[in-house]
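Predicted model, so just to flag it, every value in this text is computed and none were measured. Just the heavy atoms: all of them, side chains too, but no hydrogens, waters or symmetry mates, feed the values below.
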Amino acid sequence: MKFETLQQIRRDLHQIPELGFQEVKTQAYVLEKIQDMATERVEVAKWRTGVLVKVSGKNPSKVIGYRCDMDGLPITEKTNYTFCSTHEGRMHACGHDFHMTIALGALQHIIEHPIQDDVVILFQPAEEGPGGALPMMSSEEFKRWKPDCIFALHIAPELPVGTVSSKPGLLFANTSELFLDFVGKGGHAAYPHLTKDMSVAAGSFISQIQEIISRGIDPLDSAVLTIGKMESGHVQNAIAETARLEGTIRTLRPETIDIIKEKLESIVRGFEINFDCTITVDYGANYYQVYNHDAYVHLFKNAMKIAGITFHEANKAMTGEDFGYMLKDIPGFMFWLGVDSPFGLHNNQLQPKEESLVVGINAVVSTIGALSKS
Ligand SMILES: CC(=O)N[C@@H](CCC[C@H](N)C(=O)O)C(=O)O
């Protein structure tokens with residue numbers, strides 16, 4: 001695919017970011033592009049708002065899987081792109097527009113340059129939440145074409161274009177979303193003694209839970225507890241009856257998430273007594289760690305050398321990815337693709353360099369070729 005075509009696809013997708021399991025326009029766009037390149041060797045299936053494509057090999061002995069994600073984030077874009085999001089309050093701030101474009105580019109390359117094995121490309125919805133990987137894996141469509149090995153990429157804003165990065169073993173953390181609803185008693189701002197102020201409770205709760213990580217978890221066992229959103233009250237001169245905190249828990253070991261949840265719940269019980277309120281805890285979506293299989297990372301490193309792409313050994317990251325569930329069941333790996341953006345993932349000004357699309361496709365097709373020969 002020509003660079004201008006890839007750039008156009010990325011820009012089209014960038015304009016229509018949709019949240020998890022709402023990727024209706026995105027799915028239609030992806031399907032249209034696939035139809036344009038389809039031959040008799042290509043089969044397509046829809047699953048919810050996702051898409052699965054199978055390209056039959058010349059003499060297959062295995063199915064090679066490649067997965068990309070499709071959803072955007074509830075973030076208001078602040079780039080000055082001419083092709084910025086047309087969906088108010090939604091943005092492709094995690095590079096899924098790049099991931100899908102690379103998958104389409106790789107698909108066309110495989111259709112035009114047939115390999116021995118079957119290739120299945122998965123366009124998976126809802127990576128940012130509530131998690132599309134697990135339900136997709138239990139679908140009939142996935143089971144019918146279940147890959148024998150699988151890999152995926154994620155853009156890396158801090159790495160230069162022309163580079164990739166990965167590591168054997170643990171790459172990404174275990175995660176759990178966190179939603180807390182506080183209900184107390186509202187009232188007039190001038191009569192605090194007659195109320196149960198949920199702004200004060202929620203503010204104090206945020207400070208208190210910092211001690212879970214700093215004093216409750218072995219410093220050698222890394223963990224993160226972030227509250228990313230806080231809401232309470234309605235007006236400046238009334239005491240808030242309700243508050244809501246939204247956040248995420250990240251750990252390097254699956255067991256540590258349970259320890260954190262236990263400590264958090266004991267703080268919740270204390271706050272319910274101290275503030276005479278009720279607090280409901282909901283853990284939303286939970287993702288299993290991304291654990292790369294050694295032999296596949298080794299194969300990837302060699303494939304990158306041959307493709308002329310610079311490989312860096314990665315560090316573990318506290319990011320989460322529901323691709324971890326696929327790697328729990330199917331051998332494979334995930335890697336970072338350098339896109340050189342001055343702004344990071346989930347930033348409203350994320351601006352990955354489009355030249356990296358070509359590198360991404362080269363990395364993916366080279367890896368598929370190497371997997372087919374292995
Ligand atoms: C790569 C990346 O940024 N992934 C997301 C996954 C989010 C999972 C879930 N919504 C949570 O926040 O726990 C991330 O934020 O790491």
* Asked: Should R10 and E354 be marked as a salt bridge (Lys or Arg N to Asp or Glu O under 4.0 Å) after you check the CA-CA gap, both sets of side-chain angles, and the distance that decides it?
  -> CA-CA 8 Å; R10 182 267 161 152; E354 289 172 328; 3.1 Å; yes
* Is the backbone of P192 close enough, under 3.5 Å, to the side chain of T195 for a donor and an acceptor to pair up by distance? -> yes
* Check whether more than 12 heavy atoms from other residues, nucleotides or ligands sit under 6.0 Å from atom NE2 of H346, and answer yes or no. => yes
* **S166-N292 side chain donor-acceptor pair, cut-off 3.5 Å** => yes
* **Carboxylate-amine/guanidinium proximity below 4.0 Å for R244 and E246** => yes
* Asked: Is the shortest heavy-atom distance from the side chain of S204 to the side chain of F275 under 4.5 Å?
  -> yes
* Regarding K328 and the six-membered ring of Y288, is the cationic atom NZ or CZ under 6.0 Å from the ring centre and inside 45° of its axis? -> yes
* Is the closest side-chain heavy-atom distance between L371 and D117 below 4.5 Å? -> no
* To do: Verify ring pair (Phe, Tyr, Trp, His ring centres under 6.0 Å) between H14 and Y81, making sure each step is shown before the conclusion.
  => CA-CA 10 Å; H14 189 79; Y81 281 159; 5.3 Å; yes
* Could you tell me which non-hydrogen atom of A173 sits nearest to which non-hydrogen atom of M318, and how far apart they are? => CB-SD, 3.6 Å
* Are any side-chain N or O atoms of D322 and backbone N or O atoms of G131, one a donor and one an acceptor, separated by less than 3.5 Å? -> no
Distance-only check: which donor-acceptor pairs under 3.5 Å involve side-chain atoms of residues 23-34, not counting sequence neighbours?
residue	atom	partner	partner atom	Å
E23	OE1	F21	N	2.8
E23	OE1	T49	OG1	2.7
E23	OE2	F21	N	3.4
E23	OE2	A126	N	2.8
K25	NZ	H87	NE2	2.8
T26	OG1	E18	OE1	2.5
Q27	NE2	R48	O	2.8
Q27	NE2	G50	O	3.0
Y29	OH	D12	OD2	2.6

* **Verdict with supporting geometry, H96 and E128, side-chain contact (heavy atoms from CB on, under 4.5 Å)** => CA-CA 10 Å; H96 300 189; E128 298 292 349; 3.4 Å; yes
* Are F123 and W47 close enough that their ring centers fall under 6.0 Å? -> no
* **Over all atoms of both residues, closest heavy-atom pair of H99 and C68** => O-CB, 3.6 Å
* To do: Would you indicate whether the side-chain heavy atoms of L178 and T248 approach each other to under 4.5 Å?
  => no
* Can you tell if the side chain of D221 reaches within under 4.5 Å of the side chain of T251, non-hydrogen atoms only? -> no
* Asked: Will you find, in the side chains of Q15 and D97, an N or O donor that is under 3.5 Å from an N or O acceptor?
  -> no
* Structure fact -> Residues G105 and L6: closest non-hydrogen pair is CA-CD2, 4.2 Å
* Asked: Would I330 end up clustered with L122 when hydrophobic side chains under 4.5 Å apart are linked, directly or stepwise?
  -> yes
* Go through the structure and list residues passing ring-ring contact (aromatic ring centres under 6.0 Å, His included) with F205, not counting sequence neighbours. => F182, F271
* To do: Check F333 against F323 and note the closest heavy-atom contact, atom names and distance.
  => O-CE2, 3.6 Å
* Asked: Heavy-atom count around K263 NZ within 6.0 Å, excluding the residue itself: above 12?
  -> no
* Flag yes if more than 12 heavy atoms outside K167 fall under 6.0 Å of its NZ atom; otherwise flag no. => yes
* To do: Test M100 against L13 for side-chain contact (heavy atoms from CB on, under 4.5 Å), laying out the working first.
  => CA-CA 8 Å; M100 288 183 278; L13 288 167; 3.8 Å; yes
* **Parallel, tilted or perpendicular, as decided by the 30° and 60° cut-offs, for the rings of F151 and F335** => parallel
* To do: Take D118 and V55 through the side-chain contact (heavy atoms from CB on, under 4.5 Å) test and state the conclusion after the steps.
  => CA-CA 6 Å; D118 291 342; V55 185; over 6 Å; no
* Mind checking salt bridge (Lys or Arg N to Asp or Glu O under 4.0 Å) for D69 and listing every partner two or more places apart, or none if nothing turns up? => R67
* Heavy-atom closest pair, residues M91 and L350 -> CE-N, 4.0 Å
* Asked: Just wondering, more than 12 heavy atoms not from E262 lying within 6.0 Å of its CD?
  -> no
* Side-chain ion pair, R90 and E88, N-O less than 4.0 Å -> no
* To do: Please work out which of the three classes, parallel, tilted or perpendicular, describes the rings of H193 and Y191, given edges at 30° and 60°.
  => tilted
* To do: Report yes or no: does S356 contribute a side-chain atom to a donor-acceptor pair with the main-chain N or O of K353 at less than 3.5 Å?
  => yes
* **Y283 vs L264 side-chain heavy atoms within contact, under 4.5 Å** => yes
* Counting heavy atoms not belonging to K2, are there more than 12 under 6.0 Å from its NZ? -> no
* Please identify each residue that fulfils ring-ring contact (aromatic ring centres under 6.0 Å, His included) with H113, with sequence neighbours left out. => H109
* P254 versus Q289: any side-chain heavy-atom pair under 4.5 Å? -> yes
* To do: State, without any angle test, whether E112 and Q108 hold a side-chain donor-acceptor pair at a distance under 3.5 Å.
  => yes
* Asked: So, does H293 use its side chain to make a donor-acceptor pair with the main chain of L327 at under 3.5 Å?
  -> yes
* Asked: Tell me, do D71 and L19 make a side-chain contact under 4.5 Å, heavy atoms counted?
  -> no
* Which atom names give the shortest non-hydrogen contact between Y287 and P130, and what distance separates them? -> OH-C, 3.8 Å
* Asked: Would you say F142 and K146 make side-chain contact, with heavy atoms under 4.5 Å?
  -> yes
* Might you confirm whether atom NZ of K58 has over 12 heavy atoms from other residues, nucleotides or ligands at distances under 6.0 Å? => yes
* Asked: Is there a donor-acceptor contact under 3.5 Å linking the side chains of N286 and T175?
  -> no
* V63 backbone acceptor or donor facing D148 side chain under 3.5 Å -> yes
* Excluding sequence neighbours, so at least two apart, what forms side-chain contact (heavy atoms from CB on, under 4.5 Å) with N237? -> A189, V235
* Asked: Would you say T367's side chain and A363's backbone share a donor-acceptor pair under 3.5 angstrom?
  -> yes
* What's the verdict on side-chain contact (heavy atoms from CB on, under 4.5 Å) for I368 and I115, showing C-alpha distance, side-chain angles and the deciding distance? -> CA-CA 9 Å; I368 291 175; I115 61 163; 3.6 Å; yes
Identify all side-chain donor-acceptor contacts of residues 302-316 below 3.5 Å with residues at least two apart in sequence or on another chain.
none

* Is there a donor-acceptor contact under 3.5 Å from the side chain of S138 to the main chain of L134? -> yes
* For the side chain of S341 and the backbone of F343, is there at least one donor-acceptor N/O pair under 3.5 Å apart? -> yes
* **Crowding at CD, E255 (>12 non-hydrogen neighbours, <6.0 Å)** => yes
* Asked: Do the side chains of F179 and V183 join up, straight or via other hydrophobic residues, at under 4.5 Å, putting them in one cluster?
  -> no
* Can any side-chain N or O of K143 pair as donor or acceptor with the backbone N or O of M137 at less than 3.5 Å? -> no
* Heavy-atom count around D218 CG within 6.0 Å, excluding the residue itself: above 12? -> yes
* Asked: Roughly how far, to the nearest 0.5 Å, is the NZ atom of K196 from the OG1 atom of T278?
  -> 13.0 Å
